[in-house]
Structure formats: C-alpha cells, structure tokens
Amino acid sequence: MYKAKINVTLKKSVLDPQGKTVLQAVHSLGFHSAQEMRVGKYFELSLNSTDRVKAEQELKAMCAELLVNPVIEDYTFQLEEVR
Amino acid sequence: MKAAVIVFPGSNCDTDCWHVIRDVMNVNVDFVWHKETDLKGVDLVVLPGGFSYGDYLRCGAIARFSPIMKEVIKHADAGRYVIGICNGFQVLLEAGLLPGALLRNRTLRFMCKPVYLRVENSTTIFTNHLKQNQVIEVPIAHGEGNYFCDERTLETLEGNKKIIFRYCSENGTISDEFNPNGSLSHIAGIINQKGNVLGMMPHPERMSESILGGTDGKKIWESIVSYVK
Amino acid sequence: MSMTISEPKVTKELIERHGITPEEYDYICKILGREPNFTELGIFSVMWSEHCSYKNSKPVLKKLTKTTIAACPNSLLLVKPGDENAGVIDIGDGLAICFKIESHNHPSAIEPFQGAATGVGGIIRDIFTMGARPILCMDSLRFGKLDEKINKHLLRGVVAGIAHYGNCIGLPTVGGEIYFDESYEGNCLVNALCLGLMKKEDMIKGSAKGAGNPVYYVGATTGRDGLGGAAFASRELTEESKEDRPAVQVGDPFLEKLLLEACLELKKTGAIVGMQDMGAAGLTCSTCETASRGSTGIEIDLVKVPKRETGMVPYEIMLSESQERMLVIVEKGKEKIVEAIFEKWDLHAVKIGEVRDGHLMKVYENGRLVAEIPARALAEDGLIYNRESTVPGYLKEMQQLDLNSIAEPADFNQVLLKLLDDPSIASKAWIYEQYDHMVRTDTVFLPGHDAALVRVKGTKKGIALATDCNGLYCYLDPYEGGKIAVAESARNVVCSGAKPIAITNCLNFGNPMKPDIFWQFQKCVEGMTDACCVFQTPVTGGNVSFYNESPKGAIYPTPTIGMLGLMENIESRIPSFFQKAGDTIYLLGETLNEIGASQYLLNVHGLKQGLPPRLDLKKEKALHEMILSGAQEKTFVSCHDLSDGGLAVAVAECLFGKIGHPLGARIDFEFGENLRRDALLFGETQSRVLVSVETKNEKFLEALATEHGVPFYKLGKVTENRLKIDSFIDIDSTQLEQVYRQAIPRRMS
C-alpha cells in the first residue's frame, strides 16, 4: 500500500484572487510579514499497489488526466509506503 | 434541423435550452443523457449550464469523462455544431475542444446579472444574425467565468478572429469597469479554429423571449438555425 | 426487552438533560407500559421537542389554521395544514402549488454558510417530497446592524450559503426581504421558502401504507453530524465517539439535485406509496410519522442503514440529522423499477425495513430489538401546553410618543438620503446578484420588485410571491404588527397584479416559557388571523422558531409571512417602477399623522417608539380590489406600495427601474396644513400605494378609485431626472440612485 499526498496550486502566471483576498485578510489581522499567498488544493489517497514505480506512474497519469488542469495548475506529490 | 441537449448529473439549464430550441425556435430537440453513446445524427449539440457533478474538483472536469463526450468530440471533429453555455463552456475547455480555462471570478462571488456583450466577429455560423460590433444584452450567472489562456493562445485567438464576444458597456466601450469577472482580454465567448464549436459564459437562452426582458440572445439561436436549415 | 451494557442507564439526570419533564416521562412510561431504554428516551426527546411536536404553540396554531380555513370557503386547500410536509393549494387547470417557509436560525448563527445552505436544502426537500417540482426559492433574513463586523461576516456567509445551495441545484432565488436591527444581534434569522408546482394527481403523501411494502433509504450516508443538543448524552458512549463530532451539518446540493430528479422520475412510475425526507430528527421522525399517517406499523433494521462512520450506536443513527436523505415506501413487487431509477442517477437505494400491520415502530439492530414504540403516540400524542401569557412590561412606556416633542427636520433632502442609505431600505442587489435568480427561465419580475413573479410555461398563469414582516411594529404592537405583516405582503402581491390566495408563515419568537414572549406570540397570531380572514388567504402551514434570544434579550417578534398570489393572465402584470417621463403619478389611500415605529423616527430621531400605524382591513381590502380590477384593464403603468420610509422613499424607489438610468418625478400636490411634513414625506400610514398612469387614463383611474371608495391624490408627473417634492425635496436622481445602490456594497467592501 502506498499513500499519496498531492498538492495542486495555480501556476505562478495565473492570478489567484482567492490568495490575494486571504493575504489581505492576514494583513488586516496584523501579520505584515506575510508576503505571497497562493491557495491550492490538497488530495490524499491510498494506492493498493506494491510497486513504487508503478504507483508513481499511475499517480502522474491521474494528475494529468483529471486531478490537475495543466492550463492553469501545477502540482507536486509525495508517495509513502504504508503497512 | 435536429438538436440535442446533453444532460449531465447536475446540469440545470438543460430544460431552459430545450424550451427555447423547441418552443421559441420550433426546432426538433431531444435530451440526451450523459451515459448514452449515440447522438443519433443531430446537427447541433448543446452543452447546457449548471453544476455538472456539483462542480466538484473543477467546473466541467468530471463531466468531460462522461460516455457521451466521446461522441461529442467525434461530432465536433466531423465539423458539426456544438455550443457550450456557462458550465457547458467549462466542459468544452476541459475536454480540449476549446483552448484556455476558466478561473474564479475576480470578485470571488457568484454573479447573476445582465451584461453587455460586443459582437467581435459576426461572420460565424453562431453570429450571422448579428452585426459586427453590435452590442447585445445577455445575462451571466456564474462563479467561475474568468477566462484565462497563455499569451500565445491569446495571440492566436485574436489573430484568427476567434474571440466572438467581449464584455463591454452599454455603448460598446471595452474597459475593466465593464468586465464582470476579470476575464483575460474581456473575453466572454470564443470559437474553435474550424468555427463549429462555440463556448460562452453568458446565457442566450435567458434572453430569447420578450417576457423575460429581451430577445438579444435569440439572435444566436436564429443564426445557427438559419445556417443549418 | 434487554438493554445492552454499552448504553447508559436512564437516570433522572439523563432524562432532565434530554429536556423531558417528569410529567412527560410518566406519560412515556404509560405509553410503553415500562420504562424506556436509552435509545427510546432519545427518540422521545426529539419527537416531543418543540421543533417536532409544537408542544408550546399547537393550541395557538390550530386556532390560526382552523379559523382562516373556515373563513375562506372558496380556497382549495388539498391537504390540511400540519398533515403533510408542506401546504398544497389548487390553482386551476389541473395544477397545484406546494409551498412552505422554514427557519434555520440557530445553525446559521453558528456557521452562517452551511447553516443557511442546509436550511435551503431542507425546505427544497419538503417540497419535492410532496411530488412537486420546486420552481423557486425566497429568503427572509434578519441581522444586527451592518456596521458591525460580526454582522457583515454573518451576512456574507448566509448569502453565500443560500447561493451555493440554490444556484447549484438550479432553483432561482427570486426575492425575499432583509432587515438590519440591533434586536437581531447575536441571533440572526434565516427563513427559507420554497415553492413547487405539480399536477394535482401527482401529489405524494408522507404515509406508510400496505403491510409488507418495503421501506427504502436513499441519499447521503448517516453520520454523527447534527446530533445537536442531544450530542452530550451520546458522548459518554464509546471511546471512538469522543473523536471530533461535527455539530454543523454540511449540505451537498449536487446530491440533492440527483435525489430531486430521481424522486420526480419515480413519481411517474406509480411505484411509490409514500415518501418523506429526513429532516429534523432524521430517521426517527420519518419512520414514525409515515407510520402514524398511514395508521400502520413499521419495522427497520439499523444494520442496513448506510453509515459514514464506524461504531455508531442505535441512539446516534436514529437521531442523526445528516442532510440529503429520504425514506421511500415502495409498492411490493415494484422494487426493481425503483432501484433502476436510483441507479440511473448514481444513487444507492437500500431496503431498510417494511411496513407492518399494527401500530408499532420497531427498530432492530442485527436482529436485536433496540426500540419499540407506538408510532402514533410518538408522532402525535406528545403533551401539549397552554403557556402562561402576560402583557409585557415595556409596552405601555414604549408606545408613548408625544408628537409635539418631535421637531421636524430643517433639511428633508438629507433625511431622504439618510433613509436611502439605510441597508434595510437600500438596494439589495449586492445580495440577489449572488443568487441565480433567472435559471428555469420563468422569472418575469426580477428581484427588486414588490413581489417576485414567475410564469407557468404552457399556461397563461403567473405566480407572485412576497415575504414580509416588520419586527419593530410587532414589538410595539404585536396584534397590529401581525395584521400588517399579512396586509403588506398581500399588498405587495396585489401591486404586481396578482390576487393573494394563501399564506405560509415562519413565526420567530423568543422563549415561550416567558409569559410576555408568549403574549407577543398570541397577539401576533391573532392579528394574522384577522387579516387572513378578510383577505381570503388561508394559512396552509408553516413553522415556529422559539428561543431566539441572545444575552441581550429576545429578538423582536418576527412572524414572517410568505404570501402567494395568482395571476390568471400574466399579461395583466404591473411593474413596480415608473416606466416613462410624462406619466401621471397618483397616491392611492389616505395619509395620516403617523410616525410612530417608523424608519424615519429611528434614523433621524434615534427613537424606537410609539404605536405603529393602524391598519383598517376593510380599507386595505378595497384598495386591493381596486388595483386588481384596474390591472385587468391595464390601467396602471406601474404600482408600488408605500412601506418603510413612506412616500418620499417610495417615489425615489420608483425611479430606479433601469440601472444607471434613473427617471425623475415632480410632486406638486398641496397636502394642506393638517399634516406634519415629516408624516407626509416619511410616515408609514398603511393601505397606500403609488401608481403611475398614462395621461389618457387619468379619468378612468379616478372613476375606478371612486367606485371602490379609495381616496386618490394626483401628485404630479414622472420626469426625466430630478426628484422634486413640493418645496421640501429637490435632489438629482443620479445622486439618489448612487446612495441607494451603494449603501450595502460600501459597507461590505
């Protein structure tokens, strides 16, 4: 079994109004050190697989086909083996 | 002429489109459930507005995997006609039938109100009953209608006159003030390279009867119907 | 019956913590012939709560519905109020309307977005459960002052929540009303209304009939959410249940959309015997109520109930208020048809039990009987209380108002601008633009009109709807306030050209155990009753919400009225706004020296005092008849009722029909010396409307008014761009519109 954690964010080139608004709110709370804010999505899923390479391939395919829209989004993932 | 309105789980402008095509335009139209795999030779496919799959993950992202979408892509590839409105536009983008993506509105709020659109290209099969630079009033109703694409795509769209509608003022002025959602280059609707697939955020079916406040939207239906007939 | 070790013992303390009185407990023992176990105690506590049993309000409500129905022999109610999930009224052509309003105040105060969203979800389920296709929503909202941060937060959340649910499911939110007042500080009100349309013969009842018929569960899984007030008790149950227990229910409008479509498709198959949604008290309420209505018994097995968490005990499963769940009773032998339709909509329907002969609700878990209660006793026989009632101490003093002590302002322009900037009066576009108010392409009058108006495709009919209640009036004179709430909502509907035909209501009050609160409740209802009888608008049903209090005290009594109007021919509709310069403006109805309880007195003099205006039901009725008769003849270009802010505000509002293109008006009628100027401009005398007519129709209008005994005043003309009222007011319309439209956005930005 593998556990995958996927982070999806808007590409740097894409305006993120949600991030901008949350950042403003953070500033208004007095946290002026906060500089850049991007709001993203987080997925957690278990993969019933024993082969790390295969699990990774599948994960990439899932991201490319469905979980991520490459026009506007980037992603990173972590894969951990769990028992 | 024969039309089909695709029904995804969560579609909610399906009956509105069906009503206009049938009762206002007097055109033969059927609903087609998304699990079906046959378009039965229709001329026009309508991908209606709504919240297909609850807009979960991303608007239109799950709907594009519905069985019927394979047929819709074939239909488009064969040069036949497709119009995607609101959520339907989002599905077309996710399916790759049109370039770009739609982001959350700049205001972060859902917005439902009439807006003005300038007709940027009146030579398409969906706009031939409108005049170049004509200003029409059609309502929007969306939370994610902020059009985005990369610079090269935008250049191609502009260069090939594939931007069909832009948000504008009542007298046709284009500026940020009249852009309701932050769309790149004030884009409200685009067409594909071949000119047979139109996607737009505003709802022409909501402005096709005078009892609802106007008939500017009807011109779009008239354009396609007269072209096909 | 054996009790398992894991369940707590039913002790005196536990009984008390379930809100069950010793008297009620004795009665439970009598019904069962033994003491209840823990699960049964929980079941009784929710079914006999005010929310489900109306134990404190039933005598008052019964009188309201009985009296109004008896007084309206021509109304065609298809179900008795309280018998089903929502009221149903025949509108001719084989069609019926099903509508209801319900509160979701407390959940919205805790989590405004989900609280409001699930409120909308709940009321929509009540409508399609009856077999009707929901066609529109409306909302009546109350918050504290919009200048406070917390209230902005609540407004933002509630509006986004309503939008989230209504927009996603594809129902237009076509209007409603909203007030901001300190009285709602810490206890906002969120009342959601839904209206559905059906063919008369398509009505589905919420009853379980026919022994052997299977009982299906369909929709969302059951979780520990929404256990609410009863959660404390179950906390002691298991180690596992100590984990994070979300009291806030989360709505899934997408799932509800699927349920809606599937249920309406099912209806056509004739395979359904009965249907009920699982709202308050979830599985408990839906099983015992369907059995009680069908005079049958019912048996379910909790093992079969789809759950989203492990280790849930019967108590939790029976009391869960997870959203988007339905109980469907199917005709035996037609299970396959039902399952196929749910399958089509990606819904998993599970058979959890059967209808039985007899009268018992039996709940099993894996073959073990965990609760056994007579269904009717549970659903119908809870103890009913006649609460004590006394005149509130504040009333006499607050009703005093010496007009001589109120100085008339020097600058009426400033008063008008101030009133238009009050968020309770100002444009609500910031709110309704977040709602999809056009989906279904039936919305003929967009929000902002006196009443919402939708067409009925395939007929000439129009359905008008308005909600209304002035809480301050009800506080200062509950009887008159209750009457006015009905009258004003009826007037709103009439102004659109529709005939009022029935009401639904949502009665929001403080703690009914307090005699002065209960008195407010009684008096408001009395006022409503008298008004409904005169207007021939029976009460079809509704909802009561008590205990609306914050540490600062109870909210203003707020009996929200949802008024249904019918237009036989939608071509006779009348817009609320002036349409063109040159038309003549008339005021219909008499103006008195009434400024008590007005928005003017509050905004300019900082006073919440005096008697609200008096309402003469006969005069009001005559006005309605005159307008409806004129509407048939297309006499009016526009028609708008006078309410908060009086004549000056009403004239100003009539100018704002087209965004960015306000019209003007010149009012030069001499009202004479008997009337205070502030009362003339801003007083809220009832039974008045402002109409505009084409010059050629002046004589006709005057004759019509005379015929109906309605006083009329030819005020002046619609003009291009300034508002001039005698020598008192003279302002550029663009400035007025700016203030009116920016009042809420500038506070929310």
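Just so it is clear: chains get the letters A, B, ... in the order the sequence lines come, proteins before strands, and each one is counted from 1.
Proximity to chain C (any heavy atom under 4.5 Å) is shown, for B:H142, by neither the backbone nor the side chain. Residue C:R156 does not touch chain B at all, counting heavy-atom pairs closer than 4.5 Å. Contacts between C:I169 and chain B at a heavy-atom distance below 4.5 Å involve the backbone alone (N, CA, C, O). If you measure heavy-atom distances from B:S11 to chain C, the contacts under 4.5 Å come from the backbone alone. If you measure heavy-atom distances from B:Y53 to chain C, the contacts under 4.5 Å come from both the backbone and the side chain.
Heavy atoms of other residues, nucleotides or ligands lying less than 6.0 angstrom from NZ of C:K460 number 12 at most. Residue C:E265 qualifies as enclosed at atom CD: its count of foreign heavy atoms under 6.0 Å is above 12. Remark: C:K268 NZ is loosely packed, at most 12 non-hydrogen atoms of other residues, nucleotides or ligands lying under 6.0 Å away. Counting non-hydrogen atoms of neighbouring residues, nucleotides and ligands closer than 6.0 angstrom, the NZ atom of C:K267 exceeds 12 such neighbours. More than 12 heavy atoms of other shown residues, nucleotides or ligands fall within 6.0 angstrom of atom CZ in B:F31.
Separating the NE2 atom in B:H203 from the OG1 atom in C:T441 is a distance of 11.0 Å, to the nearest 0.5 Å. Rounding to the nearest 0.5 Å places CG of C:D442 at 7.5 Å from CG of B:D16. For the atom pair B:Y56 OH and C:C168 SG, the distance stands at 6.0 Å (nearest 0.5 Å).
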Criterion side-chain contact (heavy atoms from CB on, under 4.5 Å) on B:F51 and C:K257, from CA distance to verdict: CA-CA 10 Å; B:F51 287 70; C:K257 168 78 173 163; over 6 Å; no
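Of all heavy-atom pairs spanning C:L258 and B:P9, the tightest one is CD2-CB, 3.6 Å. Counting all heavy atoms, side chain and backbone alike, C:N167 lies closest to B:N12 at O-ND2, 3.2 Å. Closest non-hydrogen pair, C:K344 versus B:W33, comes out as O-CZ2, 3.3 Å.
Annotation: maximal heavy-atom pairing with chain C below 4.5 Å, among B:M111, B:K35, B:E205, occurs at B:K35. Note: B:I211 leads B:T107, B:T15, B:I211 in heavy-atom pairs under 4.5 Å with chain C.
Inspection of non-hydrogen atoms places C:E433, C:Q434, C:Y435, C:D436, C:H437, C:M438, C:V439, C:R440 of residues 431-440 of chain C under 4.5 Å from chain B.
By the 4.0 Å N-to-carboxylate-O rule, C:R455 lies close enough to B:E209 to be salt-bridged with it.
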